[in-house]
Amino acid sequence: MYINIERIEFTVTDACSGNCKHCSNGGHRPNRGSVDADAAVAAVEQLVERYQVKSLMTFGGEPLLYAETTCRIHAAARDNGIPIRQIITNGFFSRDERRMEEVANALCESGANDVLLSVDAFHQEYIPIEPVMYFADALIRCGIPSLRVHPAWLVNENHDNPYNAETKRLLKLFTDKGIKANQGNNIFAAGNAVKYLSDWFPSPEDADLSVPCGSAPYTSRPDEIDSFCLSPNGDVRLCSITIGNICRQGALDLLDSYDPYSMPAVKAVLDGGVHELVRYAKAEGMDMDISDCRSACEVCRRIMAAIENR
């Protein structure tokens, strides 16, 4: 009723080979370790039994730090007929050229068919460009069906700032090799981006808390779920809420028991947006300081996390 899964997303690991100042997960230190491969494969197999899944994506952190797990997930997607099998990687998981060749081959053999390389001014502050370019060449030699550069833009691609200028210089290194760039994404205020790039975002005083639920990028209404998102520890996240863990319960069982209107905090968001969620939290004795939040989504995430951790 509330769910029609068209896309599966795996955060394979929180571990990363960079520490980029634009990273939305940079507010916490990543734990080493990856999603359980057996549980991830089982989730894919169960979901395709019921839903017409159109795409699957792996990302992180840096998913190729756990290349074997990542490749198992893509192989499961291929074997179960999911047509689009994407990975977002910064391309820097080893300095050993033999290892880079080995992973490129494994990724191609697993059925991954759309590789998005994160290249921009922010990644390359920490990640040397030479191994990334070598890995790109290795993927081309293996015959990867699609390889694109996936940049992060500050404000937007057309904004005139030093970060975007450097990103465009870096992208040319790849386009000169025949590797196209996609539109990438605009950085949003979360994690390290708030810490290091706050001057480029609207101030908390200007945050618009009236935006409709599900209208922001990478979000959806809790009663119109089309994406199944898995965290490294097995938690299933639907936008800002956790509904269970696939290491303890089957994917379909989790979805079958999901009713957003039976969850008071989620119902508050659906009925009255973030303003209603704030009122609900206060009524529950959670008079939280949200004065530093720069978006409605950040307010929602903070309150939902506090409710889950009570």
Side-chain angles (χ1 to χ4, degrees), residues 9 11-33 59-63 65 88-93 116-129 132 150-157 159-170 184-209 211 216-219 229 231-233 235 237 239-242 274 277-278 281 286-309:
E9 297 181 347
T11 305
V12 174
T13 180
D14 282 334
C16 193
S17 50
N19 187 26
C20 304
K21 64 176 57 171
H22 76 302
C23 181
S24 61
N25 291 328
H28 63 83
R29 292 306 306 163
N31 295 319
R32 303 296 294 189
F59 52 94
E62 174 43 54
L65 291 172
I88 298 181
T89 170
N90 65 34
F92 183 54
F93 51 90
L116 304 177
L117 276 178
S118 296
V119 173
D120 48 56
F122 304 100
H123 284 89
Q124 269 51 70
E125 275 191 291
Y126 295 92
I127 294 170
I129 196 66
V132 179
H150 183 69
W153 301 106
L154 185 59
V155 184
N156 58 61
E157 181 178 356
H159 192 271
D160 184 14
N161 63 71
Y163 293 104
N164 285 354
E166 174 62 5
T167 293
K168 290 175 182 178
R169 184 191 72 82
L170 290 164
N185 63 278
N186 297 332
I187 298 165
F188 57 92
N192 273 358
V194 172
K195 182 177 180 181
Y196 295 109
L197 302 169
S198 60
D199 289 345
W200 298 94
F201 299 114
S203 67
E205 293 78 13
D206 295 329
D208 182 4
L209 302 188
V211 296
Y218 313 113
T219 67
C229 306
S231 300
N233 67 351
D235 282 349
R237 295 196 61 79
C239 203
S240 62
I241 60 174
T242 301
V274 169
L277 177 62
V278 171
M286 303 174 65
D287 194 8
M288 301 175 59
D289 181 12
I290 57 171
S291 61
D292 60 333
C293 291
R294 293 170 182 263
S295 68
C297 289
E298 189 176 359
V299 173
C300 184
R301 284 192 293 267
R302 183 173 298 183
I303 293 176
M304 292 299 188
I307 291 172
E308 288 180 6
N309 294 326

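A quick note: this is a predicted structure, and the numbers were derived from the prediction, not measured.
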### Message
For a 4.5 angstrom cut-off between non-hydrogen side-chain atoms, does Ile88 reach Glu9?
### Response
no
### Task
Provide the closest heavy-atom pair for Gln124 versus Ser118 in the form atom of the first, atom of the second, distance.
OE1-O, 4.3 Å
### Query
Looking only at atom types and distance, does a side-chain atom of Asn164 sit under 3.5 Å from a main-chain N or O of Leu154, one as donor and one as acceptor?
yes
### Task
Identify, with sequence neighbours excluded, every residue that meets salt bridge (Lys or Arg N to Asp or Glu O under 4.0 Å) alongside Glu157.
none
### Message
Is it true that, when you exclude Asp206 itself, more than 12 heavy atoms of the residues, nucleotides or ligands shown sit nearer than 6.0 Å to its CG?
### Response
yes
### Message
Whether Arg301 and Glu298 form a salt bridge (side-chain N of Lys/Arg under 4.0 Å from carboxylate O of Asp/Glu) is what I want to check.
### Response
no
### Query
Judged by atom type as modelled, is there a donor-acceptor pair below 3.5 Å linking the side chain of Glu62 to the main-chain atoms of Asn90?
yes
### Query
Under 4.5 Å between any side-chain heavy atoms of Leu117 and Thr89, yes or no?
yes
### Query
Distance from Asn185 atom CG to Ser24 atom OG, nearest 0.5 Å?
9.0 Å
### Query
Between CD1 of Ile127 and SG of Cys16, what distance do you get to the nearest 0.5 Å?
6.0 Å
### Any donor-acceptor N/O pair, Thr167 side chain to Ala121 backbone, under 3.5 Å
yes
#### Entry: Side-chain heavy atoms of Ile241 within contact of Glu308, under 4.5 Å
yes
### side chain to side chain contact (heavy atoms under 4.5 Å, CB included) between Thr11 and Phe59, worked out
CA-CA 5 Å; Thr11 305; Phe59 52 94; 3.3 Å; yes
### Task
Sequence neighbours left out, what passes side-chain hydrogen bond (donor to acceptor under 3.5 Å, both in side chains) with Asn161? Give chain and number order.
His159
### Distance (rounded to the nearest 0.5 Å) between Lys21 NZ and Glu125 CD
4.0 Å
#### Entry: Single hit among Tyr126, Trp153, Phe122, Tyr196 for ring pair (Phe, Tyr, Trp, His ring centres under 6.0 Å) with His22
Phe122
### Message
Side chains of Ser291 and Asp289 only: does a donor on one sit below 3.5 Å from an acceptor on the other?
### Response
yes
### Message
Applying side chain to side chain contact (heavy atoms under 4.5 Å, CB included) to Tyr163 and Leu197, what does each step give before you reach the verdict?
### Response
CA-CA 11 Å; Tyr163 293 104; Leu197 302 169; 4.0 Å; yes
### Task
Check for a donor-acceptor pair, side chain of Thr242 on one end and backbone N or O of Arg237 on the other, with a separation under 3.5 Å.
no
### Query
Nearest 0.5 Å, what's the CG-CZ distance between Leu65 and Phe92?
9.5 Å
### Minimum heavy-atom distance between Ser198 and Val194, given as atom pair plus value
CB-O, 3.1 Å
#### Entry: Asp120 CG to Cys20 SG distance, which is reported to the nearest 0.5 Å
7.0 Å
### Task
Supply the atom-to-atom distance Cys23 SG to His123 NE2, rounded to the nearest 0.5 angstrom.
7.5 Å
### Query
Is the closest side-chain heavy-atom distance between Val299 and Leu277 below 4.5 Å?
no
## Note on the structure
Here the pair of heavy atoms bringing Ile303 nearest to Ala281 is CG2-CB, 4.0 Å
### Task
Any chance you could lay out the side chain to side chain contact (heavy atoms under 4.5 Å, CB included) test for Asn19 and Asn192, step after step, and finish with the verdict?
CA-CA 9 Å; Asn19 187 26; Asn192 273 358; 3.6 Å; yes
### Query
Taking all non-hydrogen atoms of both residues, which atom of Ala152 and which atom of Ile187 are closest, and how far apart?
CB-CG1, 4.0 Å
